[in-house]
Student: 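Sharing a structure below in structure tokens format, with a few things to ask.
Just follow the structure's listing: the first ligand is 1, and inside any ligand the first atom is 1. Note that these values count all heavy atoms, side chains included, but never hydrogens, waters or copies made by symmetry.
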Amino acid sequence: MLQANGAEAEEEEQAEEDCPELVPIETKRREEEEKPGPGAKIPVTIISGYLGAGKTTLLNYILTEQHSKRIAVILNEFGEGSAVEKSLAVSQGGELYEEWLELGNGCLCCSVKDSGLRAIENLMQKKGKFDYILLETTGLADPGIVTVVDSKYGLKHLAEEKAGGLINEATRQVALADLIIINKTDLVPEEDLSQLRTAIRSINGLGKILETQRSRVDLSNVLDLHAFDGLSGISLQKKLQYVSATQPHLDQNIITVTFEAPGNAKEESLNVFIQNLLWEKNVRNKDGHCMEVIRLKGLVSIKDRAQQVIVQGVHELYDLEETPVSWDDDAQRTNRLVFIGKNLDKDVLKQLFMATVTETGKQRTTHSKEGQVCP
Ligand SMILES: Nc1nc2c(ncn2[C@@H]2O[C@H](COP(=O)(O)OP(=O)(O)OP(=O)(O)O)[C@@H](O)[C@H]2O)c(=O)[nH]1
Ligand SMILES: [Zn+2]
């Protein structure tokens, strides 16, 4: 997770291989901004989107808009060469600071892992505390993702075909998003907008969709994308309940599926289940195609744990996080999971989950056909 976490800060130094954890912000928060919930975590929002969709416009809007939040912004502009100069702007009490840092090319989790993370750490130490960190990027990202889609070219980008049946970048960005901003609505008639909306919703049944001009969005929608989740398992439970399963729309075949399975999950087995999906990629649908999960989100009940646990997954990265919310009584204990990805089959996933993860299930170790390995 890309969030500051006091306990992990020291380990971070040694565990260079692991994905990043930001340094702790031990300074006291301003009282009027004191929020409930555990520790001083800084939400990281990542702004992705196709070239020219309006990411910079959104960042500029956020930085110039009146708000009482202290926000650090890292611009991850496109450029040539193996190391690209990134502009880093910091809005603090209305003033704007700028810095430059070097991030290696490649997907965000790798970039942030090395120099990017260090730059953020330095920044935090130098400038003190921030309420939010925003990153603009076109690559892979951690939870807290805003994707800006161009009204005029969005459909075309979503339909782009990639060699070898790979998922195109635009679809991936929409699939990963917690918030999808359909920007430049001034450029297209309602009919086109409606088509784009349908295509986006068919890919991602979980994220919120907003429509804007000049990326002018209510900031409360952009900041704190996951604070809600972390503070209240109950709210997430409600939210997940209303997630719509989707039907494939464009050729990309990325859909959202969701299921609920009552009972307790065995933590060990849950990890194996998730790792088979995200790491081994050896879970097949009824046609024998390997499922490819881009985004995973859920609220689970883990055996011997009083609190509700949130599952967050983005590509190979995933994370189980305890919420402050307890299960009221045992009858209420249930697991609700949402998957966004390719070749997904709800029935197969649910059966596998019930058979291998929940307490009552019969033991079954793997779901892959023998001798066949998923790519
Ligand atoms: N017509 C119209 N143009 C817009 C809107 N929002 C942004 N633009 C324009 O679109 C262009 C690209 O916007 P940027 O914010 O630079 O897009 P970006 O996603 O940061 O682009 P890259 O960093 O190159 O990927 C600029 O010329 C903006 O002025 C909008 O709502 N309507
Ligand atoms: Zn990576």
Side-chain angles (χ1 to χ4, degrees), residues 44-65 67 71-91 96 98-108 111-112 116 119 132-141 144-160 162 167-197 199-200 203-204 207-219 221-223 225:
V44 175
T45 300
I46 286 153
I47 298 172
S48 77
Y50 216 88
L51 274 167
K55 300 179 292 293
T56 308
T57 307
L58 176 61
L59 285 176
N60 287 337
Y61 173 67
I62 291 169
L63 286 178
T64 51
E65 183 70 0
H67 52 70
I71 300 173
V73 173
I74 298 172
L75 291 174
N76 186 19
E77 296 287 4
F78 259 111
E80 273 106 56
S82 59
V84 189
E85 270 201 334
K86 317 283 168 177
S87 147
L88 194 153
V90 179
S91 165
L96 205 70
E98 276 219 31
E99 286 200 359
W100 294 93
L101 61 131
E102 301 261 314
L103 293 187
N105 261 347
C107 69
L108 182 70
S111 310
V112 166
Y132 302 95
I133 291 178
L134 305 184
L135 273 166
E136 181 193 350
T137 179
T138 42
L140 168 67
I145 299 161
V146 178
T147 295
V148 186
V149 179
D150 189 315
S151 290
K152 193 164 171 150
Y153 300 107
L155 264 183
K156 189 177 146 226
H157 295 150
L158 288 174
E160 248 165 38
K162 271 186 88 173
I167 302 163
N168 70 41
E169 203 48 47
T171 303
R172 195 178 290 278
Q173 288 169 351
V174 165
L176 285 172
D178 300 281
L179 168 67
I180 298 138
I181 297 176
I182 303 180
N183 188 39
K184 309 194 189 181
T185 57
D186 54 307
L187 297 182
V188 292
E190 169 53 34
E191 205 179 305
D192 294 11
L193 209 54
S194 157
Q195 263 190 37
L196 179 60
R197 213 181 286 128
I200 288 172
I203 293 166
N204 188 334
K208 187 170 181 169
I209 301 178
L210 295 174
E211 290 165 21
T212 59
Q213 291 180 12
R214 303 269 150 204
S215 303
R216 299 180 77 81
V217 63
D218 183 342
L219 288 188
N221 286 309
V222 179
L223 307 170
L225 282 171

Student: Under 4.0 Å from any heavy atom of T57, which atoms of ligand 1 are there?
Tutor: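 Contacts of ligand 1 toward T57, numbered from 1: 7 (C), 13 (O), 14 (P), 15 (O), 28 (C).
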
Student: Should E211 and R197 count as an ion pair when the cut-off is N to O under 4.0 Å?
Tutor: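 So E211 pairs with R197 through a salt bridge.
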
Student: Identify which of K55, K184, K152 has a heavy atom lying nearest to atom 11 (C) of ligand 1.
Tutor: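 Nearest option to atom 11 (C) of ligand 1, by heavy atoms: K184.
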
Student: Could you tell me whether E191 atom CD has more than 12 heavy atoms of other residues or ligands within 6.0 Å of it?
Tutor: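 Atom CD in E191 is not crowded, with 12 or fewer foreign heavy atoms closer than 6.0 Å.
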
Student: So which heavy atom on K162 is nearest to which on I167, and how close?
Tutor: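 Nearest pair, atom of K162 first, then I167: CD-O, 3.7 Å.
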
Student: Enter the distance from D150:CG to L155:CG here, rounded to the nearest 0.5 Å.
Tutor: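 So the CG of D150 and the CG of L155 are separated by 10.5 Å.
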
Student: Would you say R214 and ligand 1 have an N/O pair spaced under 3.5 Å apart?
Tutor: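 Yes, there is a polar N/O contact under 3.5 Å.
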
Student: Evaluate the side-chain contact (heavy atoms from CB on, under 4.5 Å) criterion for residues T147 and L176: first the C-alpha distance (whole Å), next the side-chain angles of each, then the deciding distance (0.1 Å), finally the verdict.
Tutor: CA-CA 8 Å; T147 295; L176 285 172; 5.6 Å; no

Student: Let me confirm one number: the CG-CG distance from D178 to N221, rounded to the nearest 0.5 Å.
Tutor: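 Answer rounded to 0.5 Å: 12.0 Å.
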
Student: Would you check whether G52 has a nitrogen or oxygen atom less than 3.5 angstrom from a nitrogen or oxygen atom of ligand 1?
Tutor: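 Looking only at distances, the answer is yes, because the N/O contact criterion of under 3.5 Å is met.
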
Student: Which of the atoms in ligand 1, numbered in the order shown and given with their element, are less than 4.0 Å from a heavy-atom of D186?
Tutor: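 Under 4.0 Å from D186, ligand 1 has these atoms: 1 (N), 2 (C), 30 (C), 31 (O), 32 (N).
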
Student: Using heavy atoms and a threshold below 4.0 Å, how should the contact between L187 and ligand 1 be classified: side chain, backbone, both, or neither?
Tutor: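 Just the side chain.
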
Student: Quick check on contacts: which atoms of ligand 1 are under 4.0 angstrom from a heavy atom of N183?
Tutor: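 Those qualifying, in numeric order: 5 (C), 6 (N), 7 (C), 31 (O).
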
